[in-house]
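A short worksheet on the structure shown next.
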There are 2 protein chains.
Amino acid sequence: METHKVKRVTLADVAEASGMSKAAVSMILNKKPGTRLSAEATERVRAVATELGYRPNAAAQSLRSGKTRTLGFISDQVTVTRFASEMITGILREAESRDHTVLIAETFGKPEQMAEAITQMTHRDVDGLILGFMDSRQRDLKIPRTELPTVLVNGIDESPCTSVLPNERESGAKAVQRVIESGAQSVAVIGELKNAEKNPRIYPSITRRFGSMRQALVESELEVLGHWVLEDWNPTDGYEATTRMLAEGYKPDAIICANDRVAMGVFQALAEKGLAPGTDLSVLSFDDEIIATYLRPQLSSIRLPYEEMGAMAVGLLLDGKLEPVEHEIDMPLIERDSMKSN
Amino acid sequence: METHKVKRVTLADVAEASGMSKAAVSMILNKKPGTRLSAEATERVRAVATELGYRPNAAAQSLRSGKTRTLGFISDQVTVTRFASEMITGILREAESRDHTVLIAETFGKPEQMAEAITQMTHRDVDGLILGFMDSRQRDLKIPRTELPTVLVNGIDESPCTSVLPNERESGAKAVQRVIESGAQSVAVIGELKNAEKNPRIYPSITRRFGSMRQALVESELEVLGHWVLEDWNPTDGYEATTRMLAEGYKPDAIICANDRVAMGVFQALAEKGLAPGTDLSVLSFDDEIIATYLRPQLSSIRLPYEEMGAMAVGLLLDGKLEPVEHEIDMPLIERDSMKSN
DNA sequence: GTTTTGTGCTAAATGCATTTAGCACTCTCT
DNA sequence: AGAGAGTGCTAAATGCATTTAGCACAAAAC
């Protein structure tokens, strides 16, 4: 079967085929208000256009309008976490529903590549830019000043700009609230990240999460058992801290984990001592990564709403809501089986 | 600080500022071969161009050339698995290094959205299309015939087309080989997916993975213990099968897991019986998802090379290697701590 | 001294959709 | 009947980079 190289159908083709001028066809197909063209002509042009399968050439439209109906998304790193994926999904969904497409680039974790990526995007004339940061411990962002409307997701910069963040100011309190509802008298928090407190500018999410938690804890009747600080937030760290805690004789009614990876280690340590989350004690976590559903029992976790954040960023951009504001998005508690008395 | 709306610097601006014609400037900046322009003029134009910060307008270039230096990537689903992310990373890396940008879209798991997404891409005049499938149990792909150069990644269609696949024809044999090297006498495979065999067209990767494994197994001296078929490939399935296996008195020297999620369940079941992977017996898996590094001990796994697959797809597209061939990419064995005698 | 060859450069056309200015015609009103 | 308003439509300009055809001049060749 020979693939006959079909020449693109242009506006001129439609005009000729329908016996009208290009101007008329353009006006009709774009439903330009305030123009007067006979119903008959309108009908005819529409018919011809669909019959020929006319699609306006995006390059020509962009050239004329200076708009591309394209948004740029530059990400810290797409790999490793589920977060970038979810953010992309949110962005794509919202952009598609508003007839925009998305150009993507990645800095591969190297901040210095940011400038290059932005230049690329500028060159391609995107209508707006979304800068996504997966690693919330952002350093100096080095965002070059741009004319482009820009929204930061999960990141904050020195200079004021529009940004979308998870509502970590409330997430810690929400966790404590849920622990209280579970009927617990005592709780262990496993655990804060070493050094995080020292530099709240660098670890804004983490600082807020734990700040809000600490506040809620002192306002509660809960007995807080021990003080567990972790080197990093991997399963090993959670495993070691929990093992140590149990060895020291602590037996909390509930454990709040810094994130799901830590919770995984906590589960392992508990299993070794024959303790079952959800029946012997409650375990609650943050982030709601995919492993939360892999654990046995499945882990209740306070979700990082990356998809919603991505969608919101698109919304702000397209609605021109570009005041330098931090938009905070609620972090929903995803109930599964690791809490007592659901 | 007032943001002065800077008009874009165009070729005409450079031409005027350097006292040359647009034609000359264009030729100089594009290093057109076979043209004769004085070294002095060349120098001057280049200087002026950089000074003014001239960047050609992509829309205008596209309009003229019919090329956009943009590739389209349409994915099954970006969320859930790490695979899409890695594929995007590979695509981005290769595309960037060859001065192309990437437009992305997602069908959100709905095959019928594929046609719509392709139309969108066509409309934006991408130079080539990459269709990525995360869910290897692809159904009818419903890929509309396109004029566009297209490469399928991790998917095959009825009609012959260029595709990039993991080399599952060898992955099973590679696993068996490694188990033999570990000194094992007996092995359990946990486990094949129920129904997969019935429809090899629908589950091509899985069929190949197990076909190659079965072949290698009969050619080996290994004793194969039991026959474990799973409903699905989640941790629960691996947990249940392993528990059953141990209850039935089997005690293999090595376990080959269908994938890492299954391996996680296997680990849980082994832990309950006090069996430690890497010391009491070997565990080997497929895919190398992120959880492989979360497990204790860390899991050795045969990696699905999605990043390389994405990069290769870009390469094929840009090099015009579009014969209907299945390109198979080696699946490397990632050694960690779950195999005895590394 | 005239033709040929070569050099350095430019005007104008091209790709395609959108928009502005305005033409030609018919009604309506006085 | 002539002015004015309204209707239906079109020619041409615009945005920007690239490419083709070719101009004007100088040097070399016969």
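Here the structure is a predicted model, which means the values were calculated and not measured. Order of the sequence lines sets the chain letters (A, B, ...), proteins ahead of strands, with each chain counted from 1.
Of all heavy-atom pairs between G66(A) and D127(A), the closest is O-OD1, 4.5 Å. Between I88(A) and I104(B), the closest heavy-atom pair is CG2-CD1, 3.5 Å. For F133(A) against M87(A), the heavy-atom pair with the smallest separation is N-CE, 4.4 Å. Across all their heavy atoms, Q61(A) and P56(A) have their closest contact at NE2-CB, 3.5 Å.
K67(B) places its NZ atom 15 Å from the P atom of dT18(D), with the value rounded to the nearest Å. To the nearest angstrom, P of dG8(D) lies 16 Å from CD of E43(A). Counting to the nearest Å, the P atom of dT10(C) and the CD atom of E16(B) are 13 Å from each other. Regarding R55(A), its CZ atom lies at a distance of 17 Å from the P atom of dC16(C), rounded to whole Å. Atom CG in D125(B) sits roughly 11 Å away from atom C1' in dC16(C) (whole-Å rounding). Residue K31(A) contributes atom NZ, which lies 16 Å from atom C1' of dT18(C) at whole-angstrom precision.
Nearest nucleotide to the M20(A) side chain, out of dA17(D), dG8(C), dC9(D): dC9(D). Taking the side chain of L63(B) as heavy atoms from C-beta on, and the options dC9(C), dG15(C), dT10(C), the nearest nucleotide is dG15(C).
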Could you run down the sub-3.5 Å N/O contacts of the protein with nucleotides 19-25 of chain C?
from, atom 1, to, atom 2, distance (Å)
dT19(C), O4', R64(A), NH1, 3.2

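Of the side-chain N and O atoms in S65(B), none sit less than 4.0 angstrom from OP1 or OP2 of dG15(C). A sub-4.0 Å separation between OP1 or OP2 of dG15(C) and a side-chain N or O of T10(A) is absent. The phosphate of dT18(C) has OP1 or OP2 within less than 4.0 Å of a side-chain N or O from Q61(A).
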In a table with atom names and distances, give each donor-acceptor pair under 3.5 Å that connects a side chain of residues 45-55 of chain B to protein atoms at least two apart or in another chain.
from, atom 1, to, atom 2, distance (Å)
T50(B), OG1, R46(B), O, 3.0
T50(B), OG1, A47(B), O, 3.0

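Toward the 5′ end of DNA chain D lies the nearest nucleotide of L37(A), the other residue of the pair L37(A) and L11(B) mapping further downstream.
A salt bridge is defined here as a Lys NZ or Arg NE, NH1 or NH2 lying under 4.0 Å from an Asp or Glu carboxylate O, and R303(A) with E308(A) fails to meet this definition.
Expressed to the nearest 0.5 Å, how far CG of L131(A) lies from CD1 of I118(A) amounts to 5.0 Å.
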